[in-house]
Amino acid sequence: MDHTGDGRADGIYTFGTSGSVNYRPPSELWGDDVGYGWDIYNMTFSPGNLGGDVPSDILARDAKGDLYLYLGYPSGKLAKRAKVGYGFDIYTAFAGNGDLDGDGRNDFVARDKSGVLWLYKGTGDAAAPYAKRTKIGSGWNQYNWLISTGDVNKHGRTDLFARDTAGVLWQYAGTGNAAAPYKPKTKVNGGPQGDSRGWNVYSFLY
């Protein structure tokens with residue numbers, strides 16, 4: 001999580017089985033609990049900053065499909081949640097950590113149950129942090145994991161990784177164009193078997 005806007009990670013959140021949330025800066029062996037009761041959520045992720053400030057924020061979805069925004073502070077603490085959407089139970093995966101359309105605001109993508117990928121453009125407004133969704137493409141159910149860690153090839157645009165059911169990892173390089181935010185996919189080599197295969201040995205990618 002980048003809380004200072006310098007492009008470097010300032011700490012990590014971990015979620016306990018009892019619903020607690022712990023934040024640990026890289027300089028500390030143990031962190032501090034910054035939240036409780038998060039076991040009501042079936043999805044949590046950070047697209048970076050959505051509220052218009054500098055620190056990274058967190059989105060969380062409950063079993064009803066309601067979406068909540070937790071604004072982050074430089075210390076790693078989180079503000080009181082604010083409901084920012086409903087009906088998000090139609091989605092099976094979320095990803096995003098950076099600007100996808102070149103407007104300087106963080107965006108995120110969501111895959112629905114039929115395999116369609118949708119773009120939610122960030123607004124920078126904490127009260128309404130994203131714009132109406134736009135369709136990116138279909139066929140994304142071939143993947144069992146989606147992840148975005150920001151710009152990985154130093155071209156100034158946010159990228160996306162997707163792992164298919166055979167264990168192959170694919171990169172979708174960002175374009176900065178909201179109408180077509182990703183270039184055609186390319187295989188990622190250097191996996192557990194020395195090439196693009198074998199990424200299914202991992203139970204979690206982040």
Side-chain angles (χ1 to χ4, degrees), residues 1-15 21-28 31-35 38 41-62 66-86 88 91 93-111 117-134 136 146-161 172-178 181-182 204-206:
M1 305 287 286
D2 180 11
H3 288 313
T4 60
D6 62 358
R8 299 182 178 90
D10 299 306
I12 185 171
Y13 290 100
T14 56
F15 301 87
V21 181
N22 184 276
Y23 178 76
R24 181 179 64 83
S27 59
E28 297 182 12
D32 296 317
D33 287 338
V34 295
W38 283 59
Y41 301 122
N42 56 27
M43 183 283 303
T44 57
F45 85 106
S46 175
N49 175 259
L50 279 182
D53 205 343
V54 175
S56 295
D57 308 315
I58 294 178
L59 289 172
R61 181 188 64 188
D62 66 17
D66 293 339
L67 193 68
Y68 292 90
L69 173 65
Y70 287 84
L71 297 177
Y73 291 106
S75 64
K77 292 184 177 180
L78 299 168
K80 184 179 179 180
R81 73 177 189 175
K83 185 176 177 179
V84 293
Y86 60 90
F88 277 78
Y91 298 117
F94 296 83
N97 187 9
D99 178 19
L100 284 172
D101 60 355
D103 66 354
R105 301 184 181 95
N106 283 6
D107 315 303
F108 68 93
V109 296
R111 181 189 64 194
L117 195 67
W118 301 88
L119 170 65
Y120 283 87
K121 295 173 58 176
T123 65
D125 179 2
Y130 53 84
K132 183 179 179 181
R133 70 178 189 176
T134 57
I136 296 176
L146 301 179
I147 180 175
S148 178
T149 58
D151 177 18
V152 298
N153 55 9
K154 298 183 180 180
H155 66 336
R157 301 177 181 90
T158 297
D159 309 309
L160 180 74
F161 290 93
Y172 287 84
T175 66
N177 179 5
Y182 300 118
F204 189 76
L205 300 172
Y206 65 95

task: Please examine the side chains of K121 and L119, heavy atoms only from C-beta on, and report whether any two atoms are closer than 4.5 Å.
output: yes

Chi angles and distances behind the side-chain contact (heavy atoms from CB on, under 4.5 Å) call for Y182, L160: CA-CA 8 Å; Y182 300 118; L160 180 74; 3.6 Å; yes

- request: Measure across R105 and G124 and return the closest heavy-atom pair with its distance rounded to 0.1 Å.
  value: CD-N, 3.6 Å

task: Find the distance between CG (N22) and OG1 (T14) and round it off to the nearest 0.5 Å.
output: 4.5 Å

Any D53 side-chain heavy atom under 4.5 Å of Y73 side chain: no

message: Under a 3.5 Å distance rule, please check whether Y130 uses its side chain to pair with a backbone N or O of V84 as donor and acceptor.
response: yes

message: Minimum heavy-atom separation for P129 and A127, please, with both atom names.
response: CD-C, 3.8 Å

- prompt: Do side-chain atoms of D151 reach the backbone of G156 as a donor and acceptor pair under 3.5 angstrom?
  reply: yes

field: Check: L67 and Y91 side chains under 4.5 Å, non-hydrogen atoms
entry: no

query: Considering all heavy atoms of both residues, which atom of A128 and which atom of T123 are nearest to each other, and what is their separation?
result: O-OG1, 2.5 Å

field: Separation between CG of D62 and CE of M43, rounded to the nearest 0.5 Å
entry: 9.5 Å

- prompt: Hey, do the aromatic rings of Y70 and W38 have their centres closer than 6.0 Å?
  reply: yes

message: Nearest 0.5 Å, please: how far is CZ in F204 from CD1 in I147?
response: 7.0 Å

message: Using the ring centroid of each side chain, check whether Y120 and F88 are separated by less than 6.0 Å.
response: yes

message: Taking P55's backbone N and O only, do any of them form a donor-acceptor pair with N49's side chain (distance below 3.5 Å, no angle check)?
response: yes

query: Ring centres of F108 and F45 under 6.0 Å apart?
result: yes

message: Between L146 and L117, is there a side-chain heavy-atom distance shorter than 4.5 Å?
response: yes

query: So how far is it from L78 CG to Y13 OH, rounded to the nearest 0.5 Å?
result: 4.0 Å

field: Pair N106, D99: side-chain N/O donor-acceptor within cut-off below 3.5 Å
entry: no

- prompt: Is there a side-chain contact between F94 and L59, using heavy atoms and a 4.5 Å cut-off?
  reply: no

query: Can you tell me how far the CG atom of L69 sits from the CG atom of L50, to the nearest 0.5 Å?
result: 6.0 Å

message: Between I58 and V21, does the side-chain contact (heavy atoms from CB on, under 4.5 Å) criterion hold? Intermediate values first, please.
response: CA-CA 12 Å; I58 294 178; V21 181; 5.5 Å; no

query: Has the side chain of D57 got a donor or acceptor atom that lies under 3.5 Å from a matching backbone atom of G72?
result: yes

- prompt: Distance from W118 atom CH2 to K132 atom NZ, nearest 0.5 Å?
  reply: 9.5 Å

task: Measure from the side-chain N and O atoms of S148 to the backbone N and O of D159, and report whether any donor-acceptor pair falls under 3.5 Å.
output: yes

